[in-house]
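Just below is one structure, and these are the notes that go with it.
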Amino acid sequence: MSNSTSNTPSTSEVTSTATKAFRGEILHFLADPAKVAEEESYQYFEDGLLLIKNGLVVAVGNATDLLATLPVGLEVTQYDNGLIMPGFIDTHVHYPQTEMIASYGAQLLEWLENYTFPEEKQFSDFEHGKRVAEFFLTQLLDAGTTTALVFGTVHKESVDAFFTIAQQKKLRMICGKVLMNQNCPEDLQDTTESGYTDSKALIEKWHNTDRLQYAITPRFAPTCSTEQLQKAGELLKEYPGVYLHTHLSENKNEIAWVSELFPDSDGYLDVYDKSNLLGRRSVFAHGVHLHDHECQRLSETNSAIAFCPTSNLFLGSGCFNLKQAEEFDVNVGLGTDIGAGTSFSMLTTLNEGYKTQQLRGDKLSPFKSFYLATLGGAVALDLEGTIGNFTKGAEADFIVLDYQATPLMARRIARCKTLTEKLFVLSILGDDRHVKATHIMGEKV
C-alpha cells in the first residue's frame with residue numbers, strides 16, 4: 001500500500017467559513033504507475049479526510065491526523081461504503097453528437113457521412129446548442145466527469161452555446177469550433193479565412209474566462225486544406241496557451257485517404273507536423289494505428305493521445321496500443337468520444353479499455369486505468385497541479401464512487417481483500433449508477 005503521509009495544514013489555513021471537510025475512503029494518484037513502482041504512484045487513506053477552502057484543496061490525509069486541525073464546529077461530511085477520488089477527465093468527446101449515439105452499422109467515414117454531418121447542421125442555432133450542451137454536461141456530471149476536451153461544430157454559435165452553459169455550471173471545460181473547408185457537405189464548410197477569424201474571436205472571448213479554455217479544432221486532415229492547417233498553426237503561435245484538438249490514425253481507410261490527399265507527407269502525423277500543430281497542449285484522438293516514428297515524434301513534442309476504447313470497438317477501428325505509447329513515453333488520456341463512443345461513463349470506458357488490451361495480449365492494471373481517468377487526463381491536458389489529484393492548491397473537483405449502488409457490486413466488493421481488487425471490480429462492473437456524488441470546486445452538484 002502506498003505512502004499515506006498526511007499534509008497537515010496549520011489551524012489558520014482551515015478557519016475560513018469557506019472551509020469544507022469530507023471524510024471517507026480516499027484515493028488519488030501522484031504519478032503514472034507505468035513509470036514508478038505501483039505503490040509509489042498513489043496515496044490511499046482507508047479513513048481519510050479531504051480539506052477544501054474556497055474551492056481548492058488545502059490538505060488530504062489520514063482523518064486521525066487532520067481532525068485535530070479543524071476549527072471547532074466545522075461540519076464534516078461523511079461518505080461511507082464508497083471511494084472519494086478526483087473527478088474523471090474526458091480528453092475527447094463531441095457534444096453535438098449526443099443525440100446520435102448508438103447509430104447503427106457503419107465504420108468511420110460512412111458514419112460521418114450518414115449520421116454525423118446531418119446531425120451537426122442543427123448547431124447553427126444557438127438555442128439548440130444550449131439545450132444540447134445542458135443535457136450533455138448534466139450527463140457528464142452524473143457520470144462523474146468534471147473536465148472534458150470537447151468538439152463543437154463548424155458553427156461559431158455551437159461554441160458560444162457550450163461555453164455559456166459550462167460557465168453557468170462553473171466547470172473547467174475546453175472546447176473549440178471545428179475547422180473544415182473540404183471533403184464535407186458544402187453547408188458545413190468554413191473557409192481558411194473565416195475559420196481563422198471565427199476561432200480568433202472565440203479565443204479572445206472565452207479562453208481563460210473563469211474556468212474555460214479554447215481548443216483550435218481542425219476536424220481531421222481530410223476535411224482541411226493545407227492552407228487551413230497552416231492557419232491553425234498560426235493561431236497556435238499567436239495564442240500559445242490554447243489547445244490543438246483533432247483526430248489521428250483512427251481507421252485504416254482514413255489513413256489511406258490521408259496518404260492520397262497529402263502525398264508529400266511522411267504519414268498522417270506528419271501532415272499536422274508540417275503545419276506546426278504538435279506541442280504540449282496538442283491532443284490527438286485515437287492513434288490506433290501509429291508507427292514507432294510517429295510515437296517518437298509525439299513524445300518529442302509532448303503531444304498527447306486520447307485513448308477512446310468504446311468508440312474504437314463500436315466503429316471497428318481497432319485496439320489502441322497502450323504499451324507502444326508507454327514505450328515512447330507519450331502522454332495518454334482517456335476519451336469517451338460520444339457519439340461514436342457508447343457511454344458517458346468513464347467506468348464503462350475503463351471496462352472497454354481493459355478488453356482492448358486483453359485482445360492485444362496486454363494487461364491494463366486497475367491502477368493504470370484509474371490513473372488514466374484522473375491524473376493521466378490532467379497530464380495529457382497540461383493541467384497537472386490544477387485538476388486530476390488532491391495536491392495542495394488543486395481545484396477541488398471530486399467524486400464519490402458507491403460500492404453498494406447495485407446488489408451485484410455490493411456482493412462482489414464484499415469479497416474483495418485488496419484495493420487492487422476493489423478498483424478492478426469498479427472498473428469492470430461500474431457505470432454512472434456507481435457515482436454517488438459529484439463535487440465542483442467543493443460544491444455538490
Under a 4.5 Å cut-off applied to non-hydrogen side-chain atoms, are [X] and [Y] in contact?
{"X": "Met409", "Y": "Arg433", "answer": "no"}
{"X": "Leu315", "Y": "Glu250", "answer": "yes"}
{"X": "Ile305", "Y": "Leu248", "answer": "yes"}
{"X": "Leu364", "Y": "Thr356", "answer": "no"}
{"X": "Thr91", "Y": "Ile89", "answer": "yes"}
{"X": "Gln43", "Y": "Leu30", "answer": "yes"}
{"X": "Leu277", "Y": "Leu236", "answer": "yes"}
{"X": "Leu269", "Y": "Leu290", "answer": "no"}

Any donor and acceptor pair, going by atom type alone, linking the side chain of [X] with main-chain N or O of [Y] inside 3.5 Å?
{"X": "Asn183", "Y": "Pro222", "answer": "yes"}
{"X": "Gln139", "Y": "Phe136", "answer": "no"}
{"X": "Asn321", "Y": "Gln324", "answer": "yes"}
{"X": "Tyr95", "Y": "Ser158", "answer": "yes"}
{"X": "Thr374", "Y": "Phe370", "answer": "yes"}
{"X": "Ser317", "Y": "Leu313", "answer": "no"}
{"X": "Ser259", "Y": "Trp257", "answer": "no"}
{"X": "Lys177", "Y": "Val154", "answer": "yes"}
{"X": "Gln213", "Y": "Met173", "answer": "no"}
{"X": "Tyr354", "Y": "Pro366", "answer": "no"}

Suppose we call two aromatic rings close when their centres sit under 6.0 Å apart. Are [X] and [Y] close by that rule?
{"X": "Tyr268", "Y": "Phe262", "value": "no"}
{"X": "Phe151", "Y": "His247", "value": "yes"}
{"X": "Tyr214", "Y": "Tyr239", "value": "no"}
{"X": "Phe123", "Y": "His128", "value": "yes"}
{"X": "His92", "Y": "His94", "value": "yes"}

TODO: Begin from the C-alpha positions of Asp431 and Ser343 and carry the test side-chain hydrogen bond (donor to acceptor under 3.5 Å, both in side chains) through to its verdict.
DONE: CA-CA 9 Å; Asp431 54 34; Ser343 176; over 6 Å; no

Open item on the list: If you apply the rule ring pair (Phe, Tyr, Trp, His ring centres under 6.0 Å), what do you find for Tyr44 with His28, and how did you get there?
Closed with: CA-CA 7 Å; Tyr44 172 66; His28 74 134; over 10 Å; no

TODO: Report the C-alpha separation of Phe126 and Thr164 in whole Å, then their side-chain angles, then the decisive distance to 0.1 Å, and conclude whether the side chain to side chain contact (heavy atoms under 4.5 Å, CB included) test is met.
DONE: CA-CA 10 Å; Phe126 176 72; Thr164 297; 4.0 Å; yes

Will you find, in the side chains of [X] and [Y], an N or O donor that is under 3.5 Å from an N or O acceptor?
{"X": "Asp190", "Y": "Gln228", "result": "yes"}
{"X": "Tyr196", "Y": "Gln230", "result": "no"}
{"X": "Glu25", "Y": "Tyr79", "result": "no"}
{"X": "Trp206", "Y": "Asp160", "result": "yes"}
{"X": "Ser303", "Y": "Ser282", "result": "no"}

Task: Heavy-atom neighbours of Glu234 CD exceed 12 at 6.0 Å - done: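 Yes, enclosed.
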
Open item on the list: With a sphere of 6.0 Å drawn around CD of Glu75, does it hold more than 12 non-hydrogen atoms of other residues, nucleotides or ligands?
Closed with: no

- [ ] Test Asp210 against every option in Gln167, Arg172, Lys170, Gln168 by the side chain to side chain donor-acceptor pair (under 3.5 Å) rule and name the one that passes.
- [x] Gln167

Least distance between heavy atoms, [X] atom then [Y] atom:
{"X": "Ala161", "Y": "Gly129", "value": "CB-C, 3.5 Å"}
{"X": "Ile216", "Y": "Ala232", "value": "CG2-CB, 3.8 Å"}
{"X": "Cys319", "Y": "Leu359", "value": "SG-CD1, 3.9 Å"}

- [ ] Test side-chain hydrogen bond (donor to acceptor under 3.5 Å, both in side chains) on Thr336 and Asp90 and set out the steps.
- [x] CA-CA 6 Å; Thr336 60; Asp90 189 336; 2.5 Å; yes

- [ ] Start with the C-alpha distance between Leu322 and Val332, add both sets of side-chain angles, then the distance that settles side chain to side chain contact (heavy atoms under 4.5 Å, CB included), and finish with yes or no.
- [x] CA-CA 8 Å; Leu322 181 59; Val332 176; 4.3 Å; yes

TODO: Applying side-chain hydrogen bond (donor to acceptor under 3.5 Å, both in side chains), name anything that partners Asn114, two or more places apart in sequence or on another chain.
DONE: none

Run the salt-bridge test on [X] and [Y] with the 4.0 Å N-O cut-off and return the result as yes or no.
{"X": "Lys368", "Y": "Asp32", "value": "yes"}
{"X": "Glu300", "Y": "Arg297", "value": "yes"}
{"X": "Arg280", "Y": "Asp382", "value": "yes"}
{"X": "Glu120", "Y": "Arg219", "value": "yes"}

TODO: Could you give me the CA-CA distance, side-chain angles and deciding distance for Phe284 and Tyr272, then say whether ring pair (Phe, Tyr, Trp, His ring centres under 6.0 Å) is met?
DONE: CA-CA 10 Å; Phe284 297 93; Tyr272 298 133; 5.5 Å; yes

- [ ] Give the intermediate values and the outcome of side-chain hydrogen bond (donor to acceptor under 3.5 Å, both in side chains) for residues Ser311 and Asp337.
- [x] CA-CA 6 Å; Ser311 167; Asp337 193 27; 2.7 Å; yes

Open item on the list: As a quick check of understanding, evaluate ring pair (Phe, Tyr, Trp, His ring centres under 6.0 Å) for Phe22 and His439, giving each step before the final call.
Closed with: CA-CA 11 Å; Phe22 299 88; His439 291 256; 4.9 Å; yes

TODO: Step by step, work out the side-chain hydrogen bond (donor to acceptor under 3.5 Å, both in side chains) result for Asp80 and Gln78.
DONE: CA-CA 6 Å; Asp80 295 319; Gln78 178 90 30; 3.0 Å; yes

Open item on the list: Is there a salt bridge (Lys or Arg N to Asp or Glu O under 4.0 Å) between Lys35 and Asp329? Walk through the geometry before answering.
Closed with: CA-CA 9 Å; Lys35 293 184 182 179; Asp329 197 19; 2.7 Å; yes

- [ ] Apply the test side chain to side chain contact (heavy atoms under 4.5 Å, CB included) to residues Thr191 and Asn181: give CA-CA distance (whole Å), side-chain angles for both, the deciding distance (0.1 Å), then the verdict.
- [x] CA-CA 5 Å; Thr191 67; Asn181 65 354; 5.5 Å; no

Task: Working for side chain to side chain contact (heavy atoms under 4.5 Å, CB included), residues Thr406 and His434 - done: CA-CA 8 Å; Thr406 62; His434 297 85; 3.5 Å; yes

Task: Ring geometry between Phe367 and Tyr42 (parallel below 30°, tilted from 30 to 60°, perpendicular above 60°) - done: parallel

